Structure formats: structure tokens, C-alpha cells
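Have a look at the structure below, then the notes.
Nothing here was measured: the structure is a model prediction, and the numbers come from that model.
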Amino acid sequence: MRRLVILGGSDGTVSAFRAARRLGLATICVDMRPDAPGVAEADEFLHISTRDVPAVAAALRDRDGLAGLLAPGSDINLPSLVELARLLGLPCGLTDATLRASTDKLYFREVCERLGLPGPRHCAGDADPGLRPPLPVIVKPVDSGSSRGITICREPGELPAAIAHAKEVSPSGRAVIEELLTGEDLCAEAMLQDGRIALLGLSRRVTAPPAVVAVGHDMAPADDVLEKEVVRQLERVCGDLGYRDGPLNVDLFVDGGRVTLVEMGARIGGNGLGEALGLMHGVDTVEATVRLAIGERPGLTPARRVPAFVRVLRAPAEGTLVSIDGLESLPDGAEVVVVAKPGDHVVPYTECRAKLGYVVDREPADLDALIRVDVR
């Protein structure tokens with residue numbers, strides 16, 4: 001039987017495990033956490049850090065039927081994906097430049113500047129204070145995701161703690177300071193084929209102030225002029241990076257018709273965005289990404305363009321999860337991913353990894369009214 005190795009077992013991998021199963025592939029989950037959500041979805045579990053490439057390679061080298069590797073939902077495992085693909089002779093569509101742009105926010109800014117694309121004023125976290133963009137700014141880790149380590153600073157005195165916090169969660173210990181952009185905060189989920197954007201979904205973040213982490217996404221067909229400009233910029237960036245086939249997740253701002261790309265990841269978006277793109281166009285985009293991972297060419301012809309919505313399941317307080325009630329009241333067509341179970345320690349949703357799960361549907365579910373999360 002052909003086997004797909006999925007690096008990481010976070011909630012963002014669950015749909016990929018399920019898609020692989022539909023395609024008749026056996027799956028191997030690699031993660032340091034035996035309680036990671038993806039472990040229960042996999043046929044086999046390797047209790048190894050995804051960053052320990054030699055150990056993962058040694059565990060996989062003599063396996064029969066290895067067909068491909070995948071690292072969905074987060075950029076953190078992309079470096080291991082590229083290195084393991086080379087060591088094991090497996091398909092990989094990521095060039096070195098694509099990998100770097102996905103895992104280094106400062107490098108992504110360099111790419112956009114080289115192409116003459118709009119961008120926020122920015123500097124490295126350890127740059128001379130005189131080179132910093134004017135307040136307000138947003139401070140982020142250079143190479144961490146899931147909304148970790150992000151702080152908005154409006155006063156000079158807030159910067160030292162924000163920079164230290166960003167460096168603390170950065171694998172390389174680096175931070176970036178960017179001008180705080182205004183306008184619509186959007187996310188672009190896309191599929192590339194032969195260097196062109198085959199599918200695109202623009203979604204608006206649904207947030208619960210004062211946190212910056214999204215509690216949902218509203219994805220819908222956008223103005224043609226806006227979509228054409230987003231496609232133009234994405235294809236220019238991907239062309240420069242040599243990225244031709246695969247999923248793409250990009251954060252961007254739109255202000256008065258001006259599109260500014262903020263950061264990118266050459267992988268399926270987390271929080272249900274990959275599923276939402278598929279629902280919008282009538283194409284199983286997660287299954288298509290799995291096919292690419294095993295060296296196949298998927299069909300990406302859209303069957304429709306309809307809205308799709310994602311809502312995150314959240315804990316109301318820190319404590320022990322007792323139950324999540326009301327899921328049966330959701331529409332029959334809704335895709336539900338639950339990654340927490342009774343007895344788990346849960347915390348309020350201030351970063352993506354604190355979610356209890358998510359719901360993807362054609363209607364924006366009011367989870368606060370439909371779902372009761374009991375925490376003691």
C-alpha cells in the first residue's frame with residue numbers, strides 16, 4: 001500500500017489525513033505530541049520531533065510504499081519537508097526560495113520590494129531605533145506562525161517587551177517590526193497550477209477584540225478588479241520564487257484599491273481555510289494537495305463560486321473541558337473538525353493552537369448561540 005507521511009499532527013492536518021484515507025493512502029503522522037489531533041487520524045504514529053530530520057529519515061528510509069510527504073496548516077514543518085524529500089527521493093514542489101519566503105517574513109518583504117510591490121515600512125527587531133517605522137507598529141516573530149508572539153505597539157515603551165516576546169517564540173530568535181497597515185485585513189487561499197492561480201478565495205477575518213487572532217473567516221467571491229490585482233501580485237511572487245504547483249496561503253491588506261501582501265505560506269491554510277476554498281469552488285482542494293504530494297496532477301477546474309464560512313470552536317475560560325454540546329444542531333452539510341476531548345486542559349482563544357476545533361459551511365454559523373462549551 002502507498003503511504004503518505006504527514007509532518008505534524010496539529011488541527012490543521014486533520015483534513016489532510018481524511019483526504020488521504022479517501023484516496024486509499026495509508027498515513028504516517030510524525031509529531032512529538034502523542035496527543036496531537038492528527039495522531040488519532042493516522043494509521044501509524046512516529047513519536048519523533050519533525051525538526052529531527054535525521055531521526056525521521058532513519059525511521060522512514062526502509063519503509064515500503066512511501067509515496068510522498070505533506071506539511072499542511074503551518075509553515076514550521078516546511079524546512080523538514082524539503083530536506084526529507086531530498087533525502088528520501090520523494091516529490092516536492094517547493095524551491096529553496098519558496099521555502100525561505102514561507103518561513104522568513106523579512107525575506108518575503110525583500111522579494112516584494114525587488115518586484116516593486118507595495119509593502120509596509122519595516123525593520124528587523126534588533127535594528128537601530130532610528131530605523132524603525134513610526135508608531136503604531138506590529139511586532140512579530142520572523143519565522144513563527146499560528147498568531148504566536150504578535151503584539152501591536154502604540155507607545156515607544158511597549159516595544160522592548162514586544163520584541164522580547166516575539167524573539168522568545170521565534171525558532172531563530174528574530175523579530176520583525178512593521179508599520180501597522182490599515183484597510184481590510186484579508187486572507188488569500190489559492191491553488192497554483194503551472195504557475196497560474198487556478199483557484200482563489202479571499203476571506204475577511206472575523207475577530208473578537210482586543211485579540212488579533214481570527215475567530216472565523218468569511219470567504220466570498222470578490223470584486224473582479226480586486227481579484228485580478230491579487231492574482232497578478234501572487235503570480236509575480238510565485239514566478240520569482242519558482243513555485244508553480246501547489247497550495248498558497250497569503251495574508252494581505254486592501255486599502256483604497258491598493259493591495260499589500262504581508263506574508264505567505266506555500267501550504268494549505270489552517271483554521272479550515274483549505275476546506276473553505278474547496279467548498280467555495282466545488283473542488284476538493286485538500287485532496288488535490290495530497291495528490292500533488294504523491295506526484296499526481298489534480299483536476300482544479302472550478303464547478304461554482306459560492307460563499308464559504310469558517311468559525312472556530314473556543315473555550316470560554318481556562319480549565320478542564322467537560323463537554324462540547326450542540327454540534328448536532330449544525331447543518332448536515334457542515335464540515336466539523338473537533339480536536340479537543342473531555343478531560344483536556346483548555347485556555348481562552350488568544351492564539352490559533354488554543355482552538356477546540358472549527359466548522360466550515362456555506363452559512364456563517366453563530367457558534368456562541370448553537371454550541372455550549374462546558375469548562376470546569
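- Between Glu83 and Arg86 no salt bridge is recorded (no basic side-chain N to carboxylate O distance below 4.0 Å).
- No side-chain donor-acceptor contact under 3.5 Å links Asp218 and Ser203.
- Summarising the local packing, CZ of Arg18 is surrounded by more than 12 heavy atoms from other residues, nucleotides or ligands at distances under 6.0 Å.
- Contact between Leu66 and Arg63 at its shortest, heavy atoms only, is CG-CB, 3.9 Å.
- With hydrogens and angles ignored, the 3.5 Å screen pairs no side-chain donor or acceptor of Glu168 with any backbone N or O of Ile163.
- Residues Arg311 and Asp361 are not paired through a salt bridge, judged by the lack of any N-O separation under 4.0 Å between the basic side chain and the carboxylate.
- You'll find the side chain of Val373 stays beyond 4.5 Å of the side chain of Arg314, heavy atoms only.
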Item checked: Step-by-step salt bridge (charged side-chain N to carboxylate O under 4.0 Å, His left out) determination, Arg305 to Glu227 -> CA-CA 13 Å; Arg305 288 181 80 224; Glu227 287 199 354; 2.9 Å; yes

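- When only modelled atom types and interatomic distance are considered, Asn249 and Glu189 share a side-chain donor-acceptor pair under 3.5 Å.
- Residues passing the salt bridge (charged side-chain N to carboxylate O under 4.0 Å, His left out) test with Asp240 are Arg114, sequence neighbours excluded.
- Exactly one residue among Val312, Val310, Val215 makes a side chain to side chain contact (heavy atoms under 4.5 Å, CB included) with Val206. That residue is Val215.
- Atom-to-atom distance recorded for His122:NE2 and Lys105:NZ is 13.0 Å, nearest 0.5 angstrom.
- Atoms CG and SG, from Leu135 and Cys153 in turn, are 7.5 Å apart once rounded to the nearest 0.5 Å.
- Pairing each heavy atom of Pro120 with each of Glu179, the nearest pair is CA-OE1, 3.6 Å.
- Between Leu180 and Ile152, the closest side-chain pair of non-hydrogen atoms falls below 4.5 Å.
- Between Arg109 and Glu263 there is no salt bridge, since no side-chain N of the basic residue sits under 4.0 Å from a carboxylate O of the acidic one.
- Gly68 approaches Leu90 most closely through the heavy-atom pair N-CD2, 4.1 Å.
- The main-chain N or O of Val259 is found under 3.5 Å from a side-chain atom of Gln233 such that the two form a donor-acceptor pair.
- Between the Glu178 side chain and the Arg121 main chain, no donor and acceptor come within less than 3.5 Å of each other.
- Linking Ile, Leu, Val, Met, Phe, Trp and Tyr whenever their side-chain heavy atoms come within less than 4.5 Å puts Met264 and Val230 in one cluster.
- Within the 4.5 Å cutoff, the side chain of Pro298 has no heavy atoms near those of the Glu287 side chain.
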Check: Going through the checks in order, is the side chain to side chain contact (heavy atoms under 4.5 Å, CB included) test met by Phe17 and Ile6?
Finding: CA-CA 8 Å; Phe17 281 105; Ile6 298 183; 3.7 Å; yes

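- Residues Val338 and Leu313 are in side-chain contact: their nearest non-hydrogen atoms beyond the backbone lie under 4.5 Å apart.
- Residues Cys238 and Leu192 are in side-chain contact: their nearest non-hydrogen atoms beyond the backbone lie under 4.5 Å apart.
- Between the Arg21 side chain and the Glu41 main chain, a donor and an acceptor come within less than 3.5 Å of each other.
- When all heavy atoms of Thr103 and Asp75 are compared, the closest pair comes out as CG2-O, 3.7 Å.
- When the salt bridge (charged side-chain N to carboxylate O under 4.0 Å, His left out) test is applied to Glu158, no partner is found at least two apart in sequence or on another chain.
- Side-chain contact check for Ser172 and Arg174: at least one donor-acceptor pair (N or O, by modelled atom type) lies under 3.5 Å.
- To the nearest 0.5 Å, the span separating OG1 on Thr27 from CD on Glu44 amounts to 9.0 Å.
- Taking both residues in full, the closest heavy atoms of Ser15 and Val286 are given as O-CG1, 3.5 Å, listed atom of the first, atom of the second, then distance.
- Rounding to the nearest 0.5 Å places CG of Leu234 at 5.0 Å from CD1 of Ile197.
- A single hydrophobic cluster is not seen to contain both Met219 and Leu200; linkage of ILVMFWY side chains at heavy-atom distances under 4.5 Å, directly or through other members, places them apart.
- The main-chain N or O of Gly130 is found under 3.5 Å from a side-chain atom of Asp128 such that the two form a donor-acceptor pair.
- Nearest heavy-atom pair, Leu69 versus Ala85, reported as atom, atom and distance to 0.1 Å: CD1-N, 3.5 Å.
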Check: Going through the distances and angles, do His281 and Met191 end up as a side chain to side chain contact (heavy atoms under 4.5 Å, CB included)?
Finding: CA-CA 11 Å; His281 290 285; Met191 290 293 295; over 6 Å; no

Checklist line | Worked check of side chain to side chain contact (heavy atoms under 4.5 Å, CB included) between Leu367 and Val359 | finding: CA-CA 9 Å; Leu367 297 189; Val359 177; 4.2 Å; yes

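- Under a 3.5 Å cut-off, the side chain of Asp31 and the backbone N or O of Arg33 do form a donor-acceptor pair.
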Identify all side-chain donor-acceptor contacts of residues 321-336 below 3.5 Å with residues at least two apart in sequence or on another chain.
{"residue": "Ser323", "atom": "OG", "partner": "Asp325", "partner atom": "OD2", "Å": "3.0"}
{"residue": "Ser329", "atom": "OG", "partner": "Gly326", "partner atom": "O", "Å": "2.5"}

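- Looking at Lys167 and Asp126, their side chains come closer than 4.5 Å, going by heavy atoms from C-beta outward.
- At least one donor-acceptor pair under 3.5 Å links the side chain of Arg236 to the backbone N or O of Leu115.
- Val30 is not listed as a side-chain neighbour of His47, based on a closest heavy-atom distance of 4.5 Å or more.
- Connection of Val82 to Val111 is established within a shared hydrophobic cluster, with ILVMFWY side chains joined at heavy-atom distances below 4.5 Å, either directly or through further cluster members.
- Linking Ile, Leu, Val, Met, Phe, Trp and Tyr residues whenever their side-chain heavy atoms come within less than 4.5 Å places Leu60 and Leu7 in a single cluster.
- Remark: Arg2 does not engage Asp64 in a salt bridge, criterion side-chain N to carboxylate O under 4.0 Å.
- Contact check for Arg51 versus Val53: no side-chain heavy atoms found under the 4.5 Å cut-off.
- Salt bridge Arg297/Asp194: present, at least one basic N to carboxylate O contact under 4.0 Å.
- Both Leu261 and Tyr107 belong to a single network of hydrophobic side chains, linked directly or stepwise wherever heavy atoms of I, L, V, M, F, W or Y lie under 4.5 Å apart.
- Looking at Thr13 and Ser10, their side chains never bring a donor and an acceptor atom within 3.5 Å of each other.
- Ion pairing between Asp11 and Lys355 holds under the 4.0 Å rule for side-chain N and carboxylate O.
- The CG atom of Leu81 lies 13.5 Å from the CD1 atom of Ile76; values are rounded to the nearest 0.5 Å.
- Considering CG of Leu4 and SG of Cys29, their distance stands at 11.0 Å, rounded to 0.5 Å.
- Under the 3.5 Å distance criterion, the side-chain polar atoms of Arg61 are left unmatched by any main-chain donor or acceptor of Val56.
- Judged by distance alone, the side chain of Asp344 and the main-chain N or O of Lys341 form a donor-acceptor pair under 3.5 Å.
- Note on Glu229 versus Arg258: no salt bridge recorded, every NZ/NE/NH1/NH2 to OD/OE distance being 4.0 Å or above.
- Between the side chain of Ser170 and the backbone N or O of Ala166, no donor-acceptor pair lies under 3.5 Å.
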Next item on the list: Could you give me the CA-CA distance, side-chain angles and deciding distance for Leu25 and Arg3, then say whether side chain to side chain contact (heavy atoms under 4.5 Å, CB included) is met?
Entry: CA-CA 6 Å; Leu25 298 168; Arg3 304 177 190 277; over 6 Å; no

